Novice: 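Next up is a structure, given as structure tokens.
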Amino acid sequence: QVQLVESGGGLAQAGGSLRLSCAASGRSIIWYTMAWFRQAPGKEREFVAAITRSAGSANYADSVKGRFTISRDNAKNTVYLQMNSLKPEDTAVYYCAASADLSTSNLKERYIYWGQGTQVTVSS
């Protein structure tokens with residue numbers, strides 16, 4: 001069992017930056033592919049980014065490619081999402097998730113552990 005707790009959300013202006021953190025407990029994240037998803041009001045939860053166990057490979061949604069960077073520190077049992085050049089359409093609750101798969105996936109069904117989410121609001 002893995003518990004995930006997100007932090008770092010808040011209010012930012014368009015063009016600004018935020019860094020989200022996801023602290024895991026219960027088991028080392030080295031056994032999991034990790035990802036970030038987001039859900040805006042009235043919309044489906046959507047994939048943002050994912051990173052493999054050794055951080056050898058990362059995958060991004062087209063909407064955030066070139067602006068967001070996912071990383072992980074297995075020693076600290078923490079995953080990060082650096083968000084730059086923020087846009088109002090990035091406003092959502094951001095969720096951290098863990099998958100037992102070896103490769104990244106943009107399918108939320110592949111992820112077995114989820115955090116409670118952290119709100120990100122970007123003003124124009």
Side-chain angles (χ1 to χ4, degrees):
Q1 191 81 331
V2 177
Q3 293 78 44
L4 302 173
V5 178
E6 302 93 338
S7 62
L11 178 64
Q13 290 191 331
S17 299
L18 283 174
R19 189 194 196 203
L20 305 183
S21 298
C22 171
S25 61
R27 198 178 183 205
S28 172
I29 62 169
I30 197 170
W31 302 109
Y32 300 96
T33 290
M34 302 298 295
W36 289 94
F37 285 75
R38 67 186 182 187
Q39 188 166 18
K43 294 189 175 181
E44 294 284 324
R45 191 169 299 190
E46 66 174 9
F47 171 78
V48 175
I51 189 167
T52 53
R53 298 179 183 191
S54 63
S57 176
N59 194 20
Y60 296 91
D62 288 343
S63 59
V64 307
K65 204 170 291 184
R67 299 188 298 121
F68 290 11
T69 302
I70 188 171
S71 62
R72 63 192 293 161
D73 186 335
N74 289 338
K76 293 183 178 180
N77 232 25
T78 302
V79 181
Y80 304 98
L81 185 68
Q82 178 67 44
M83 306 187 294
N84 298 330
S85 301
L86 284 163
K87 304 176 180 180
E89 50 264 44
D90 294 320
T91 295
V93 176
Y94 283 71
Y95 297 90
C96 178
S99 167
D101 293 348
L102 291 175
S103 58
T104 60
S105 173
N106 61 359
L107 299 176
K108 55 183 181 292
E109 293 77 14
R110 300 305 305 170
Y111 293 85
I112 54 177
Y113 298 115
W114 292 84
Q116 293 300 305
T118 185
Q119 176 70 47
V120 171
T121 303
V122 183
S123 62
S124 57

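Since the structure is predicted, the reported quantities are computational estimates derived from the model, not experimental observations. The figures here come from the full heavy-atom set of this structure, side chains too, leaving out hydrogens, waters and symmetry mates.
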Novice: Compare every heavy atom of Tyr95 with every heavy atom of Glu6, then report the nearest pair and how far apart it is.
Specialist: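 Result for this residue pair: OE2-CA, 3.4 Å.
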Novice: For residues Ser17 and Ser85, report the shortest heavy-atom separation together with the two atoms involved.
Specialist: OG-N, 4.4 Å
Novice: Are more than 12 heavy atoms, taken from residues, nucleotides or ligands other than Gln116, located less than 6.0 Å from that residue's CD atom?
Specialist: no
Novice: Is there a side-chain contact between Met34 and Leu4, using heavy atoms and a 4.5 Å cut-off?
Specialist: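 Counting from C-beta outward, Met34 and Leu4 do come under 4.5 Å.
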Novice: Just checking Lys43: does its NZ atom have more than 12 heavy atoms from other residues, nucleotides or ligands closer to it than 6.0 angstrom?
Specialist: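 No - once you tally the heavy atoms of other residues, nucleotides and ligands closer than 6.0 Å, there are 12 at most.
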Novice: Between Ala14 and Ser124, which heavy-atom pair has the shortest distance, and what is it?
Specialist: CB-CA, 4.2 Å
Novice: Do other residues, nucleotides or ligands put more than 12 heavy atoms under 6.0 Å from Gln119 CD?
Specialist: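 Counting neighbours around CD of Gln119, more than 12 heavy atoms of other residues, nucleotides or ligands fall under 6.0 Å, so yes.
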Novice: Check whether more than 12 heavy atoms from other residues, nucleotides or ligands sit under 6.0 Å from atom CD1 of Ile30, and answer yes or no.
Specialist: no
Novice: Considering all heavy atoms of both residues, which atom of Ser21 and which atom of Thr78 are nearest to each other, and what is their separation?
Specialist: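 Answer, listing the atom of Ser21 first, then Thr78: CB-CG2, 4.3 Å.
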Novice: Is any side-chain heavy atom of Leu81 less than 4.5 Å from a side-chain heavy atom of Arg38?
Specialist: no
Novice: Is it true that Tyr80 and Val64 fall in one hydrophobic cluster, defined by side-chain heavy atoms closer than 4.5 Å?
Specialist: no
Novice: Check whether more than 12 heavy atoms from other residues, nucleotides or ligands sit under 6.0 Å from atom CD of Glu44, and answer yes or no.
Specialist: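 Count not over threshold, so no.
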Novice: Using the side chain to side chain contact (heavy atoms under 4.5 Å, CB included) rule, take Tyr111 and Ser105 through it: C-alpha gap first, then chi angles, then the decisive distance, then the call.
Specialist: CA-CA 9 Å; Tyr111 293 85; Ser105 173; 4.2 Å; yes
Novice: Quick one: are Trp36 and Cys96 in side-chain contact, heavy atoms under 4.5 Å?
Specialist: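 Trp36 vs Cys96: side chains touch.
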Novice: Looking only at heavy atoms, which two atoms of Lys108 and Arg45 are closest? And how far apart?
Specialist: NZ-O, 4.0 Å
Novice: Test your reading of the model: is there a side-chain donor-acceptor pair from Thr91 to the backbone of Val122, 3.5 Å cut-off?
Specialist: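 The answer is yes, because a donor-acceptor pair under 3.5 Å joins these two groups.
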Novice: If hydrophobic clusters are built by linking Ile, Leu, Val, Met, Phe, Trp and Tyr wherever their side-chain heavy atoms come under 4.5 Å apart, do Phe47 and Val79 end up in the same one?
Specialist: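 No, because Phe47 and Val79 fall into different hydrophobic clusters, even though each may have its own neighbours under 4.5 Å.
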Novice: With a 4.5 Å cut-off on side-chain heavy atoms, are Arg67 and Asp90 touching?
Specialist: yes
Novice: Enumerate, atom names and distances included, each donor-acceptor pair closer than 3.5 Å involving a side-chain atom of residues 68-75, sequence neighbours excluded.
Specialist:
{"unit_1": "Arg72", "atom_1": "NE", "unit_2": "Arg53", "atom_2": "O", "d": "3.4"}
{"unit_1": "Arg72", "atom_1": "NE", "unit_2": "Asn74", "atom_2": "OD1", "d": "2.8"}
{"unit_1": "Arg72", "atom_1": "NH1", "unit_2": "Tyr32", "atom_2": "O", "d": "3.0"}
{"unit_1": "Arg72", "atom_1": "NH1", "unit_2": "Ile51", "atom_2": "O", "d": "3.4"}
{"unit_1": "Arg72", "atom_1": "NH1", "unit_2": "Thr52", "atom_2": "O", "d": "2.9"}
{"unit_1": "Arg72", "atom_1": "NH2", "unit_2": "Ile29", "atom_2": "O", "d": "2.5"}
{"unit_1": "Arg72", "atom_1": "NH2", "unit_2": "Tyr32", "atom_2": "O", "d": "3.0"}
{"unit_1": "Arg72", "atom_1": "NH2", "unit_2": "Asn74", "atom_2": "OD1", "d": "3.2"}
{"unit_1": "Asp73", "atom_1": "OD1", "unit_2": "Ala75", "atom_2": "N", "d": "3.1"}
{"unit_1": "Asp73", "atom_1": "OD1", "unit_2": "Lys76", "atom_2": "N", "d": "3.2"}
{"unit_1": "Asn74", "atom_1": "ND2", "unit_2": "Arg53", "atom_2": "O", "d": "3.0"}

Novice: Is there any disulfide bond (SG atoms under 2.5 Å apart) pair reaching into residues 32-78, and which pairs are they, with sequence neighbours excluded?
Specialist: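 Applying disulfide bond (SG atoms under 2.5 Å apart) to every pair that reaches into residues 32-78, excluding sequence neighbours, yields nothing.
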Novice: Roughly how far apart are Ile112 CD1 and Gln1 CD, rounded to 0.5 Å?
Specialist: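 Taking CD1 in Ile112 and CD in Gln1, the distance rounds to 8.5 Å.
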Novice: Is it true that a side-chain atom of Asn77 and a backbone atom of Arg27 form a donor plus acceptor pair closer than 3.5 Å?
Specialist: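 Answer holds: yes.
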Novice: Kindly give the heavy-atom pair with the smallest separation between Leu18 and Leu86, and that separation in Å.
Specialist: N-CD1, 3.8 Å
